[in-house]
Amino acid sequence: MAKKQDSFYFDNFIACAEDSCRAAEMLKETLENFQPDSLQGRLDRLHEIEHSADMKKHDVLDHLAKEFLPPIEREDIVSLSQNIDNITDKVEDVMLRVYMNNVQEIEPGALRMTDVVIRCCQAVRELLEEFKDFRRSKNLKSLIIRINDLEEESDKLFIQNVRTLYVESKDPIRIIAWRDIFIYLERCADACEHVADMVESVVMKNS
């Protein structure tokens with residue numbers, strides 16, 4: 001178990017991952033019950049979650065600046081904090097593209113990709129809960145593999161969705177708008193994989 005004075009960092013990582021889960025759930029709810037007229041309000045609420053994650057990241061950096069001997073290397077704490085926060089940023093980016101592209105109807109493929117994003121975020125949260133006691137954890141490796149598998153699933157859905165878009169649609173505006181959104185959905189899964197890769201690297205350096 002992490003020492004009490006070290007728990008701040010690990011607890012903060014988990015709290016930031018919880019923000020990404022909240023953001024992903026809000027994105028899914030927005031797309032499933034899509035109402036273009038209420039999108040601005042939903043975007044504002046999602047931005048509040050993103051801002052909360054940003055504040056947690058700044059808390060880590062402020063704490064680290066005063067820390068004499070952090071539990072892991074300073075560079076790793078900074079990189080992990082930024083990468084975890086980046087997940088929530090990417091989820092917000094999806095909603096922003098839905099808004100900016102003036103989407104009026106949701107593509108079914110977007111809901112499938114959003115489900116994968118939610119599962120990725122949940123797996124990252126579980127990973128960071130295990131990371132708090134990484135020297136004793138027996139589940140870290142399986143969670144990293146799960147996140148890698150989910151990222152591959154997102155890649156396959158991205159390819160399938162973009163191809164379907166070009167095959168079935170004759171509307172160039174629809175194609176441009178949704179290709180953009182699918183790209184950003186796939187980046188959410190990429191962001192989760194980056195955290196998993198970072199955790200794996202830190203564990204190897206400190207084991």
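For the numbers below, each heavy atom of this structure counts, side chains included, while hydrogens, waters and symmetry mates do not.
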List the residues meeting salt bridge (Lys or Arg N to Asp or Glu O under 4.0 Å) with [X], not counting sequence neighbours, and say none if there are none.
X	result
Arg42	Glu29
Asp89	none
Asp59	none

So do the side chains of [X] and [Y] get within less than 4.5 Å of each other, counting heavy atoms only?
X	Y	answer
Leu64	Pro70	yes
Leu43	Val98	no
Cys21	Ile118	no
Thr30	Gln35	no
Phe131	Ile14	no
Ile175	Asp171	no
Glu151	Cys192	no
Leu80	Tyr9	no

Nearest atoms (heavy-atom pairs only) where [X] meets [Y]:
X	Y	answer
Leu128	Ala17	CD1-CB, 3.7 Å
Leu143	Ala123	CD2-O, 4.3 Å
Ala177	Asn101	O-ND2, 3.2 Å
Phe134	Leu140	CB-CD1, 3.5 Å
Ala191	Asn86	CB-ND2, 4.2 Å
Cys16	Lys57	SG-N, 4.4 Å

For [X], what residues pass the side chain to side chain donor-acceptor pair (under 3.5 Å) criterion, not counting sequence neighbours?
X	result
Thr114	none
Asn102	Gln104
Glu18	none
Glu25	none

Q. Under the criterion side chain to side chain contact (heavy atoms under 4.5 Å, CB included), which of Phe182, Tyr184, Trp178 is the partner of Arg97?
A. Tyr184
Within this structure, what is the [atom1]-[atom2] distance for the pair [X] and [Y], rounded to the nearest 0.5 Å?
X	Y	atom1	atom2	value
Ile159	Asp155	CD1	CG	6.5 Å
Leu27	Leu111	CG	CG	9.0 Å
Met204	Ser201	CE	OG	7.5 Å

Q | Charged N-O contact under 4.0 Å between Lys66 and Asp62 | A | no
(Q) Whether Lys56 and Asp19 form a salt bridge (side-chain N of Lys/Arg under 4.0 Å from carboxylate O of Asp/Glu) is what I want to check. (A) yes
Q: Can you tell me which residue pairs pass the salt bridge (Lys or Arg N to Asp or Glu O under 4.0 Å) test with a partner in residues 102-127, sequence neighbours excluded?
A: Lys28-Asp115, Glu107-Arg174, Arg119-Glu153, Glu126-Arg146
Q: Only pairs at least two apart or in different chains count here, so list each salt bridge (Lys or Arg N to Asp or Glu O under 4.0 Å) that has a residue in residues 196-206.
A: Glu73-Lys205, Asp76-Lys205, Lys141-Glu200
Under the side-chain contact (heavy atoms from CB on, under 4.5 Å) rule, collect the residues that match up with [X], sequence neighbours excluded.
X	result
Cys188	Lys90, Val91, Val94, Val117
His47	Glu50, Glu92
Ile183	Phe158, Arg179, Arg187

(Q) Would you say Met55 ends up clustered with Ile77 if hydrophobic residues are merged whenever their side chains have heavy atoms under 4.5 Å apart, either directly or through other cluster members? (A) no
Q) Is there a chain of hydrophobic side chains (I, L, V, M, F, W, Y, each step under 4.5 Å between heavy atoms) that links Phe13 to Leu61? A) yes
Q | No-hydrogen, no-angle side-chain donor-acceptor test under 3.5 Å, Gln40 and Asp44 | A | yes
